[in-house]
Protein chains: 2
Amino acid sequence: MKRLTLKDVARMAGVAPSTVSFVLNGKAKQMRIRDEVAQKIMGVVNQSGYEPHRVAVNLRTGQSKTLGLIVESISGSFFASLARTIEIEAERLGYNVVYCSTENNAEKGGELIRMLGRQMVDGYLITPAPGMENDIRRLVQMHKPVVLMDSYFPGIKAPYVLIDNFHGVQLGMDHLFEKGYRKIGYVSVDISLIQLSERQRSYVQALRKMEIPFRKKRMVELNYHDSREQNLAHLEAFIRENRDLDAIFFATNYLGILGLEALGRLKLSMPKHMAVICFDDHDIFRLYPPGITCIEQPIEGIASKAITLLMKQLDKQQGPLKESQVTLPGKLIVRSST
Amino acid sequence: MKRLTLKDVARMAGVAPSTVSFVLNGKAKQMRIRDEVAQKIMGVVNQSGYEPHRVAVNLRTGQSKTLGLIVESISGSFFASLARTIEIEAERLGYNVVYCSTENNAEKGGELIRMLGRQMVDGYLITPAPGMENDIRRLVQMHKPVVLMDSYFPGIKAPYVLIDNFHGVQLGMDHLFEKGYRKIGYVSVDISLIQLSERQRSYVQALRKMEIPFRKKRMVELNYHDSREQNLAHLEAFIRENRDLDAIFFATNYLGILGLEALGRLKLSMPKHMAVICFDDHDIFRLYPPGITCIEQPIEGIASKAITLLMKQLDKQQGPLKESQVTLPGKLIVRSST
DNA sequence: GGCCTGTGCTAAATCGATTTTGTAAAGATT
DNA sequence: AATCTTTACAAAATCGATTTAGCACAGGCC
């Protein structure tokens, strides 16, 4: 009941192992194997059901045909959609994917990268978290194929794919303006990631464009390292102190969900007392009455573009990637919270 | 800038490669390597930062030190918690985990198993879906280490770990009775999985125990293959036709969420018009006003027990596993929907 | 002194592929 | 006819580890 090896196939076909290998790897022409022989080999392969031993191939070629996907949290709908699309695309190209989550643990990111390095993944797809900067820089320096998603580090010359954050917030703000809201608060969090500063910049810009004076009091940054409870209290206080607001823009879906809870506690109903809009969709936003308006990320687009960029790096030693910093437009999903 | 190999280390330490291997694998005593030599080797290893090439080790030993985790859906909180716990436990034991989701695709499950087989995982952790029965049977016949979670097939002698479904529903029903509810509906789905029939059996039994006549009309099975919209309509009709119900028991969290939407559409509020309880918790149940009562699965317990059972199979060729069909008690989480 | 038994390691085989090099036979060239 | 090419494969090296078999030397025993 032992595994069929290339040698066995060779013996069955009456040829040398190398010949079988050539045929199986499409090098029959190049190695001028007669069609006759090639066909005989293919016959034996097909009806014996032989499949190459991936580990052996990996050892010999140095290619694991495996990609590493490192995300913040393995739960969360963002990851779920991302993973699905990436896995499908990867499989189509003959690659496997291993997932890892940093679970918001700064140093775990680095460990994971090293772990995957040992495991010999051929390339990395990463949603960067604060603290992973150096590890990612190292990967780039070692010329390992990497594509960042959802965020990036301005100092590192790695390809990335993400939503156009500035444009996304603009969409949301325009929608709020259209609906007549003018006193718009903004809730963010103090992580130094580029997407958050972009969103904030867009919020300020949007106000300016409408000639609404920007008031610092209407903006709050929750503390990333605080507990959920602390953040909730913080947010509740912010809303209570800004009774005149007619709408709140939440910079991430985590914040938005927190917002729903805070508003619930304050017995403020949407959109009567307060309109709510959130960057990044979430299952809950569809279900939670009355439905939360949001800016949806083009997750599938991000995933497939990221794979494409990674493959370009894997395929050959082509020169520096050009046009490898991609932003894709988000989509406004209007529900009844605005 | 090439990778350091065992040979390099051997040369640096002035010994043979085999000697280094013995020392690194803790066989120094057995192979009577002098402490002196062993220590010198360890010195070289430590300060050179050598790490064995996993692929080569894998090829030689036939052990990939990798486990395959096959779940229905890679989103979903059940999977998220499961994956986290399993990954942590596995890492502690020196194993990696690759995830795969069947995405409710009957035949994809089989493909995955074969795919992982090719990839040479050492063992399988599977949450069985309908249609995977034969593939799982094959695994067991081939004496591949397998542990099933969340469900099992009565005909297959594979170890499994799952919540005590009967007891869980009982907990929920007792809670409903205690709160004074007597007209209790039951919503299930027509998948032939053991956990669903167990839950249903428990529902019927609980009614009998309270001497409440079981009425078929109060129970509905949605069609697994219907679309979300169809199911929603089906559920809405069920509720409309059972106006006299004062509580509904949903057999899975997917059904529960659907129920929330249906009740929302019918403008029925919980628990005033209808109490709601659901088997298996979900993020949304915590947030959705007024909070949904549910039976929580002991996910971490399931995960760690499953790993333990798998390791027992991996460790040695010990005889037939005894006490390998495990059920763990669930926990009632009371929120304001009851 | 010859034979046996431990020591303490090294040499070589092995895992299952890929890839480079080698080679016999047929055909082309001078 | 002798030499060179080309054809069509086979043989052997290789990837980086583990593991089995082997081997030199020291000491003990008869």
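Every chain is numbered from 1 and lettered A, B, ... according to where its sequence line falls, protein lines coming before strand lines.
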Any donor-acceptor pair under 3.5 Å from [X] side chain to [Y] backbone:
X        : Y        : value
A:Asn25  : A:Ser21  : yes
B:Asp315 : B:Lys312 : no
B:Asn96  : B:Thr66  : no

*Should A:Arg137 and A:Glu133 count as an ion pair when the cut-off is N to O under 4.0 Å?*
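Answer for the salt bridge query: yes.
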
Length of the [atom1]-[atom2] vector between [X] and [N], whole Å:
X       : N      : atom1 : atom2 : answer
B:Glu51 : D:dG16 : CD    : P     : 15 Å
A:Lys65 : C:dT18 : NZ    : P     : 12 Å
A:Asp8  : C:dA17 : CG    : P     : 8 Å
A:Lys29 : D:dA8  : NZ    : P     : 13 Å
B:Arg60 : D:dT14 : CZ    : P     : 19 Å
A:Gln39 : D:dC9  : CD    : P     : 13 Å
A:Met31 : D:dT6  : CE    : C1'   : 14 Å
B:Ile33 : C:dG6  : CD1   : C1'   : 15 Å

*Of all the nucleotides listed (C:dT18, C:dT10, C:dG16), which has the minimum atom distance to the side chain of B:Leu59?*
C:dG16

*asked:* What's the closest nucleotide to the side chain of A:Val37 if the choices are C:dA17, D:dT19, D:dC9?
replied: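 Closest nucleotide to the A:Val37 side chain: D:dC9.
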
Pick base, sugar-phosphate or nothing for [X], based on heavy-atom distances below 4.0 Å to the nucleic acid.
X       : result
B:Ser21 : base
A:Thr5  : sugar-phosphate
A:Lys27 : sugar-phosphate

*Pick the nucleotide of DNA chain C nearest each of B:Phe22 and A:Ala56; which residue has the one closer to the 5' end?*
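On the 5' side of the pair lies B:Phe22.
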
*Mapping A:Leu24 and B:Gly14 to their closest nucleotides on DNA chain C, which lands nearer the 5' end?*
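Nearest nucleotide further toward 5': that of B:Gly14.
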
Compare side-chain N and O positions of [X] against OP1 and OP2 of [N] and report whether any pair is under 4.0 Å apart.
X       : N      : value
B:Arg34 : C:dC9  : yes
A:Asn58 : D:dC15 : no
B:Thr19 : C:dT10 : yes
B:Tyr50 : D:dA17 : yes
B:Arg32 : C:dT7  : yes

_A:Glu300 atom CD, over 12 foreign heavy atoms within 6.0 Å_ =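 No, CD of A:Glu300 has 12 or fewer neighbouring heavy atoms, counting only those of other groups under 6.0 Å.
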
*Is a donor-acceptor pair below 3.5 Å formed from side chain B:Ser18 to base C:dA11, judging by atom type as modelled?*
yes

